[in-house]
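Throughout, protein chains are lettered first and strands after them, A, B, ... in sequence-line order, and every chain is numbered starting at 1.
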Amino acid sequence: MREGRPVLNVLEQDLQSFHDIIKFGGVPYERKINSRIVTTWKHVDEMIEAMVGVVSGDLETTCLYPWDKGAAIVTIGIGTRDTQWSIFVHHPESTWTEEDIEKILRRIHEASQDCTMVWHNGKFDVLWLYVQYQVLFAIDFDTMLAHYNVDENSLHDLEYLSSLYFSAPKWDIPLKEKQGGAPAEKIAHYHAHDLYYTRNLYFVLKKKLDADPKTNRIFRQITMKCANAFVMIEHRGMFLDKKKMVEAEKYLREQLAIAAEALKRWGDINWGSPQQVGRLLYDELGIRCPMKTKSGADSTAESALKQIDHPCVADLLKFRGHKQQLSFFIDGWKPFIAGSRLHPVFKLHGTVTGRLSSEHPNCQQIPRDPRIRTIIGAPPGWTLVEADLSQIEMRIAGEVSGCRQLIEVFQRGMDVHWNTVLNELERYVGQAEIVCETARVARLLSRAPGFAEAIQILRDIGPEAAADIDPVWKELRKKAKAVNFGYLFGMQWKKFRMYARDNYDMHITDEEAQQSRIAFFETYPLDKWHNRQKAKARIDGFVRSLAGRKRRLPAAQRGDDSFEEGEALRQAINSPVQSFANDINLMVLLQMREEFPATVYQPVATVHDSILQEVRNDYVERVARRITEVMRQPRLFKDFDINLRVPLEGDVKIGPWGAGVSLSRWKASQ
DNA sequence: GACCATAGCGCG
DNA sequence: AAAGCGCGCTATGGTC
């Protein structure tokens with residue numbers, strides 16, 4: 001990373017002031033605030049002159065979303081060693097024209113190239129500046145993200161961090177005021193605190209990161225690289241096929257109206273209110289309530305309704321489904337549509353495991369229903385390509401557990417969930433129904449006479465071919481997937497029994513449920529790994545992923561057998577797996593961005609173990625082939641000293657989201 | 001009018 | 001005594 005032109009005396013003074021801050025538990029902060037409003041070109045010259053070494057940047061804006069109507073920057077702030085400079089842009093007291101601002105911004109940008117630019121949630125500011133002025137600043141160090149890597153469990157907002165490290169008193173002013181409603185002087189004073197503390201936090205957080213090389217490596221090589229990459233990703237946004245969206249909306253409104261009409265005969269209530277539905281079902285209609293919510297109320301959740309034998313249930317479920325799809329993904333998107341695109345925001349500090357979260361709207365919870373998913377596409381001349389890391393969490397579990405059986409599954413190129421399906425079937429030899437089902441498939445294949453042969457054929461042909469013969473196999477694999485993940489991460493048989501009942505209408509006995517768990521651990525003896533992870537968390541109070549990302553679990557050390565302790569111990573098993581899967585995905589993303597220019601390759605989103613990207617039509621094949629390779633072994637594995645026994649595999653789908661096809665099919669269709 | 005909790009449900 | 005993990009969004013119904 002670029003750390004700026006070495007200006008030794010300046011940095012030494014910085015460090016001196018940093019030591020003073022630590023030594024005296026916070027110098028009187030007012031003395032250090034030196035807020036100046038930039039109103040003349042002479043001020044600009046002075047500011048540029050002062051931009052040396054570590055410089056903080058910050059914006060105040062009229063709203064939180066750069067694509068909103070009337071979105072504008074109120075003030076641009078630059079924090080240098082002795083002064084916090086505010087340049088007012090959209091404010092009654094601003095002395096500058098748009099052309100002036102552009103000129104100033106370019107000078108700041110030029111000067112910033114030789115500085116270490118520090119921001120607090122810089123992705124926000126840098127994106128705004130790029131949207132509004134097409135000037136792309138670097139985020140060299142982000143204090144919010146640095147603290148996220150230092151302590152994922154706590155808050156990361158600037159005021160909290162300043163009070164934590166510098167005992168700073170609160171300086172926040174009402175939102176309306178900083179969005180331009182207050183006099184320049186007041187906004188600048190507020191702004192100066194942001195700039196001052198962001199800059200000071202750099203020194204203390206850098207020191208913390210330097211003290212932990214593994215965390216520092218994650219921060220430098222992944223977190224900060226992503227902060228800069230996601231500026232461009234968010235700027236690009238996801239292309240919407242408006243025609244498909246209108247079609248989906250029409251369909252959903254019709255279906256919703258039908259469902260609402262059907263519900264009327266059971267009662268004239270608000271069917272969107274769980275309370276009212278509960279009263280109607282369990283009081284008026286006299287249905288026995290099958291389960292309670294967490295807080296003890298009568299549950300009307302889907303899993304409760306499925307246990308009720310009443311004709312209104314089907315209508316209610318349809319109503320809920322359509323209502324949710326409409327309000328989440330059609331109406332919910334409308335406020336965020338800018339031109340023909342959505343611009344989801346990715347929070348790089350959104351989870352405790354290192355995964356990203358997405359909001360405005362959340363593009364990581366879009367239903368798999370093709371009616372909704374295929375709304376996401378690519379503009380003319382470009383093609384949407386989705387690449388996902390296949391069965392990645394199971395592969396990592398095999399790797400970190402050292403479980404021979406699980407590793408072999410992947411080394412032999414088998415599908416772990418499919419394997420579970422067939423293992424389950426074998427356990428049920430003799431049960432007429434399943435044998436019949438298998439025999440039917442075997443007959444279709446017109447070669448296997450018996451049960452064992454049929455199973456073998458199913459193993460050989462794999463899940464996709466089986467699903468082509470009969471969709472039941474797809475459903476069974478889905479079930480096996482849930483079972484595998486559940487047991488892998490510590491699920492007990494009681495929950496499995498409930499899960500099977502609620503989701504698959506499978507009514508099994510306690511004994512059968514227990515047997516299923518025992519069978520899983522016989523196939524994959526993962527208990528040693530579970531115990532190892534628990535012991536690590538108990539002793540150290542944290543665990544790490546293979547990439548070195550730390551998950552701090554203080555509750556694991558309580559030693560009181562509490563719920564919280566149990567929770568932490570299960571997290572000690574899950575976190576390193578989930579976390580590493582995510583980091584691999586991000587490594588692939590960063591590498592692809594390095595290898596292909598933005599003129600032909602534009603990632604638009606990540607969904608935990610997959611990457612969505614727009615590719616210029618003439619590059620589709622090259623990108624598809626390359627990302628398959630990169631997903632097997634990202635270059636960053638070398639820097640992180642990662643050598644896996646388990647092979648990784650990428651799966652690429654080309655075309656509108658949720659309806660993409662493999663490269664060979666796509667080529668055939670061209 | 002702003003803010004909060006809960007229920008329910010979408011995704012990996 | 002009980003135990004998969006990780007998120008964000010909408011609606012309702014309540015409080016300040």
Side-chain angles (χ1 to χ4, degrees), chain A residues 152 174-176 269-278 291-305 316-317 319-333 335-336 344-347 349-369 372-373 388-389 391-394 397 481-496 498-499 502-503 517 520 526 530 533-534 551 553 561-579 581-582 585 605-610 657-658:
Chain A
E152 74 284 359
L175 192 65
K176 282 268 178 289
I269 57 164
N270 179 353
W271 289 91
S273 161
Q275 258 180 42
Q276 294 183 36
V277 169
M291 56 193 281
K292 302 280 184 185
T293 66
K294 193 174 50 178
S295 60
D298 293 348
S299 171
T300 70
E302 191 172 332
S303 56
L305 296 178
L316 178 54
L317 288 177
F319 175 84
R320 274 197 188 154
H322 293 132
K323 170 117 183 167
Q324 196 192 349
Q325 288 207 346
L326 252 180
S327 51
F328 272 49
F329 309 109
I330 303 293
D331 294 333
W333 284 356
F336 299 113
V345 173
F346 291 86
K347 267 161 78 177
H349 62 298
T351 76
V352 288
T353 58
R355 270 191 181 179
L356 315 188
S357 69
S358 159
E359 55 187 8
H360 307 145
N362 179 354
C363 66
Q364 295 175 327
Q365 60 168 173
I366 296 173
R368 307 194 67 162
D369 181 346
I372 302 289
R373 228 169 230 211
D388 71 77
L389 290 155
Q391 308 173 68
I392 187 64
E393 291 201 354
M394 294 303 286
K481 195 171 166 181
V483 172
N484 282 343
F485 279 123
Y487 289 146
L488 175 61
F489 295 130
M491 185 173 67
Q492 301 299 303
W493 61 266
K494 276 197 174 175
K495 177 155 181 177
F496 169 67
M498 269 177 49
Y499 183 87
D502 298 344
N503 292 282
R517 188 168 192 279
F520 177 86
L526 293 162
H530 282 193
Q533 288 306 108
K534 288 181 188 176
R551 176 77 183 99
L553 297 164
D561 209 18
S562 61
F563 177 78
E564 288 80 3
E565 186 184 308
E567 202 173 25
L569 295 175
R570 289 193 299 278
Q571 287 167 338
I573 297 166
N574 173 280
S575 290
V577 175
Q578 187 182 117
S579 170
N582 169 69
N585 202 48
T606 61
V607 191
H608 310 310
D609 59 1
S610 69
W657 199 16

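- Put simply, CD1 on A:I372 is 10 Å from P on B:dC11, counting in whole angstrom units.
- Across all strands, A:Q578 comes closer than 4.0 Å to base atoms (heavy-atom distances).
- At a cut-off of 3.5 angstrom, counting only N and O atoms as typed in the model, there is a donor on one side and an acceptor on the other between the side-chain of A:R355 and the base of B:dG12.
- Rounded to an integer number of Å, the gap from NE2 of A:H608 to C1' of B:dG12 is 5 Å.
- Residue contacts for A:R517: at a heavy-atom cut-off of 4.0 Å it reaches no nucleic acid atom on any strand shown.
- In this structure, the CD1 atom of A:I392 is 15 Å from the P atom of B:dG12, given to the nearest Å.
- Nearest heavy atoms, A:Q533 versus A:P576: NE2-CG, 3.6 Å.
- Heavy atoms of A:V577 sit nowhere under 4.0 angstrom from any nucleic acid atom.
- What separates CZ of A:R320 from P of B:dG10 is a distance of 10 Å, to the nearest Å.
- When heavy atoms are screened at a 4.0 angstrom cut-off, A:S299 is found touching the sugar-phosphate backbone but no base atom.
- Partners of A:E152 under the salt bridge (charged side-chain N to carboxylate O under 4.0 Å, His left out) rule, at least two apart in sequence or in another chain, are A:R551, A:R552.
- Backbone-only engagement by A:E302 is indicated by non-hydrogen atom pairs under 4.0 Å involving sugar-phosphate atoms exclusively.
- Within the nucleic acid shown, A:H360 comes within 4.0 Å of sugar-phosphate atoms alone, with no base atom in reach, counting heavy atoms only.
- Within 4.0 Å (heavy atoms only), A:S610 reaches no atom of the nucleic acid at all.
- Under the salt bridge (charged side-chain N to carboxylate O under 4.0 Å, His left out) criterion, A:D331 pairs with A:R253, A:K334, not counting sequence neighbours.
- The NZ-P distance, from A:K481 to B:dC11, rounds to 11 Å in whole Å.
- Chain A approaches DNA chain C over the interval C:dA1 to C:dG13, counting the first and last nucleotide 5' to 3' with an atom under 4.0 Å from its heavy atoms.
- Within the 4.0 angstrom heavy-atom criterion, no nucleotide atom of any strand lies near A:E393.
- Although no hydrogens or angles enter the test, the distance criterion places a donor-acceptor pair under 3.5 Å between the side chain of A:S358 and the main chain of A:C363.
- Note on ring orientation: taking the six-membered ring where Trp is involved, the planes of A:F329 and A:W333 are perpendicular (angle over 60°, cut-offs 30° and 60°).
- The CD-C1' distance, from A:Q325 to B:dC11, rounds to 13 Å in whole Å.
- Taking atom CZ on A:F319 and atom P on B:dG8, their separation rounds to 15 Å, with Å as the unit.
- Listed by chain and residue number, A:T300 satisfy the side-chain hydrogen bond (donor to acceptor under 3.5 Å, both in side chains) test with A:R320 (two or more places apart in sequence, or in another chain).
- A:E564 meets the salt bridge (charged side-chain N to carboxylate O under 4.0 Å, His left out) test with A:R558; sequence neighbours excluded.
- For the pair A:T606 and A:L356, the minimum side-chain heavy-atom distance is below 4.5 Å.
- Atom CG in A:L356 sits about 12 Å away from atom C1' in B:dG12, given to the nearest Å.
- Residues meeting the side-chain hydrogen bond (donor to acceptor under 3.5 Å, both in side chains) test with A:E567, sequence neighbours left out: none.
- By the salt bridge (charged side-chain N to carboxylate O under 4.0 Å, His left out) test, A:D388 is found to be paired with no residue, residues two or more places apart in sequence or in another chain being considered.
- Of the two residues contacting DNA chain C, namely A:T353 and A:P361, the nearest-nucleotide position lying further toward the 5' end is that of A:T353.
- A:Y499 is linked by a side-chain hydrogen bond (donor to acceptor under 3.5 Å, both in side chains) to nothing, counting only residues two or more places apart in sequence or in another chain.
- Within the 4.0 angstrom heavy-atom criterion, base atoms lie near A:D561.
- Among the heavy atoms of the strands lying under 4.0 Å from A:K347 are primed sugar atoms or P, OP1, OP2 only; no base atom is included.
- Here A:E359 lies in heavy-atom contact (under 4.0 Å) with sugar-phosphate atoms only.
- Using a 4.0 Å heavy-atom criterion, one finds that A:G566 contacts no nucleic acid atom at all.
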Dot-bracket notation for DNA chain C, counting Watson-Crick and G-U pairs under 3.5 Å, with | for partners on another strand: ....||||||||||||
